[in-house]
Structure formats: structure tokens, C-alpha cells
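Report on one structure; see the data block that follows.
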Amino acid sequence: AEVEEAHDSRPSTIIMPETDEQRRASERRSARQKRWRDGKQIDFTVRRPNPHASFGFGVASLWTIDGRVPVISFVDPNGPASLALEVEDEIVGINGEAVDDWELEDVKDSIRKLDTEFKVRIFRRGKKEVKPAVAAIAKTNRK
């Protein structure tokens with residue numbers, strides 16, 4: 001009788017210890033989940049008429065128990081973002097990329113480089129009324 005050796009065709013898995021950077025990223029994700037308990041994450045699209053016009057909002061850094069987060073600091077009542085964004089909305093993402101743990105200047109630079117439209121995900125605390133996302137788009141078509 002012939003004996004065949006059994007070969008496992010699955011690749012070997014080597015478990016490496018977590019690096020400091022991976023550990024910090026994991027801690028940030030955990031802190032985000034705790035921070036976003038009392039409120040809602042909302043997605044908006046904001047458009048401006050041309051790349052030289054303002055989106056109509058300012059960004060600042062707010063200290064929280066979990067560290068600093070970028071927040072909306074000013075909304076121009078006549079600007080494209082006025083029907084969607086509110087002061088103290090936390091900026092969670094821009095065009096699908098998480099930015100809530102970025103440095104403030106990096107968030108501002110990213111917004112400055114945008115063309116005429118971008119998608120923003122914000123976190124709004126409490127039970128404030130959420131305005132429809134199309135409002136920010138419709139606003140730019142007014143004269």
C-alpha cells in the first residue's frame with residue numbers, strides 16, 4: 001500500500017505583535033465609538049458655484065475628553081453650507097476619508113484644495129433637527 005503525505009495548501013499565518021502605531025489607531029477607533037453615543041452621523045453634499053467662492057463655513061478645533069476634534073466654527077447664513085451644517089457639528093469625514101483625528105491645519109488644507117463639490121460626514125450631538133441633505137446643494141443655485 002502506498003502512503004500519501006497530507007499537505008495543507010492553506011498559507012501559514014504568522015501572528016505579529018501589534019505595533020505602537022496600530023495600537024494607537026485601535027485606541028482612536030474605540031474612542032470614536034464612545035464619543036459618538038449621544039447624537040447622529042449625517043452625510044451631506046456641499047457645492048459652491050466655482051472653485052474661488054467660499055463653501056460658507058469655518059473650521060476650528062474643539063477639545064473633548066477624547067482629544068481634539070475638528071468642528072464647524074462658523075456658518076455663513078448666505079453660503080452654500082448654511083442649510084446643512086451647524087456650528088459645533090464635528091467633522092468626521094471628507095469625501096469618504098476619516099478626518100476626525102487629523103490635525104486642524106490638515107483638515108483646513110484638505111477643504112481649501114477641494115473643487116466645487118464635496119461630501120462631508122458630520123456628527124451632530126443631541127436631538128437637533130436634521131436638515132435635508134439636498135438643501136446645501138439647492139442653496140448654490142440661488143442668485
Side-chain angles (χ1 to χ4, degrees), residues 4-143:
E4 283 186 32
E5 275 187 53
H7 293 285
D8 190 353
S9 61
R10 294 176 294 178
S12 309
T13 303
I14 299 172
I15 300 174
M16 300 293 292
E18 194 174 50
T19 65
D20 286 343
E21 186 176 322
Q22 290 169 324
R23 186 178 37 72
R24 284 191 297 274
S26 178
E27 288 169 357
R28 284 193 304 268
R29 281 190 298 276
S30 177
R32 284 183 196 138
Q33 296 309 316
K34 290 176 190 171
R35 184 169 73 219
W36 296 333
R37 275 188 246 159
D38 183 29
K40 281 185 143 165
Q41 287 192 30
I42 311 157
D43 293 322
F44 292 108
T45 296
V46 181
R47 287 187 188 145
R48 58 185 171 183
N50 66 67
H52 305 291
S54 169
F55 281 114
F57 68 93
V59 180
S61 190
L62 176 71
W63 282 97
T64 69
I65 196 162
D66 303 313
R68 293 185 307 185
V69 294
V71 296
I72 303 298
S73 60
F74 165 79
V75 179
D76 177 350
N78 298 311
S82 67
L83 294 177
L85 302 179
E86 295 182 5
V87 172
E88 294 185 6
D89 283 345
E90 292 180 28
I91 303 171
V92 175
I94 296 175
N95 287 334
E97 185 169 1
V99 300
D100 58 301
D101 60 349
W102 286 14
E103 293 295 322
L104 178 61
E105 287 308 311
D106 294 334
V107 173
K108 288 180 177 182
D109 288 344
S110 175
I111 293 169
R112 285 184 195 117
K113 293 176 185 172
L114 294 169
D115 194 32
T116 57
E117 176 180 307
F118 75 102
K119 294 183 186 329
V120 61
R121 174 170 286 178
I122 57 103
F123 174 73
R124 185 166 294 160
R125 293 198 179 280
K127 299 183 178 132
K128 294 180 186 176
E129 176 186 339
V130 177
K131 300 169 187 174
V134 284
I137 295 170
K139 182 77 172 179
T140 60
N141 294 328
R142 284 196 218 160
K143 295 282 181 195

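Every value quoted in this text rests on a predicted model; they were computed, and no experiment measured them. These values consider heavy atoms only, across backbone and side chains, with no hydrogens, waters or symmetry-generated copies.
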Closest heavy-atom pair and its distance - [X], [Y]:
{"X": "A81", "Y": "G56", "value": "CB-O, 4.3 Å"}
{"X": "V99", "Y": "P70", "value": "O-CG, 3.8 Å"}
{"X": "V75", "Y": "L85", "value": "CG2-O, 3.8 Å"}

For [X], enumerate each residue passing the salt bridge (Lys or Arg N to Asp or Glu O under 4.0 Å) test, keeping only those at least two apart in sequence or located in another chain.
{"X": "D76", "value": "none"}
{"X": "K119", "value": "none"}
{"X": "E105", "value": "K108"}

I'd like to check the side chain to side chain contact (heavy atoms under 4.5 Å, CB included) partners of [X]; sequence neighbours left out, ordered by chain and number.
{"X": "S61", "result": "R68, L104"}
{"X": "T116", "result": "R48, P51"}
{"X": "N50", "result": "H52, A53"}

So, taking the atom named [atom1] in [X] and the one named [atom2] in [Y], what distance separates them when rounded to the nearest 0.5 Å?
{"X": "I91", "Y": "F57", "atom1": "CD1", "atom2": "CZ", "result": "5.5 Å"}
{"X": "N95", "Y": "I111", "atom1": "CG", "atom2": "CD1", "result": "10.0 Å"}
{"X": "E86", "Y": "I72", "atom1": "CD", "atom2": "CD1", "result": "10.5 Å"}

*Applying ring-ring contact (aromatic ring centres under 6.0 Å, His included), which residue pairs with at least one partner in residues 91-120 are found, sequence neighbours left out?*
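Found F55-F118.
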_Among R125, R121, R124, exactly one meets salt bridge (charged side-chain N to carboxylate O under 4.0 Å, His left out) together with E90. Which residue is that?_
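Result: among R125, R121, R124, R125 is the only option passing the salt bridge (charged side-chain N to carboxylate O under 4.0 Å, His left out) with E90.
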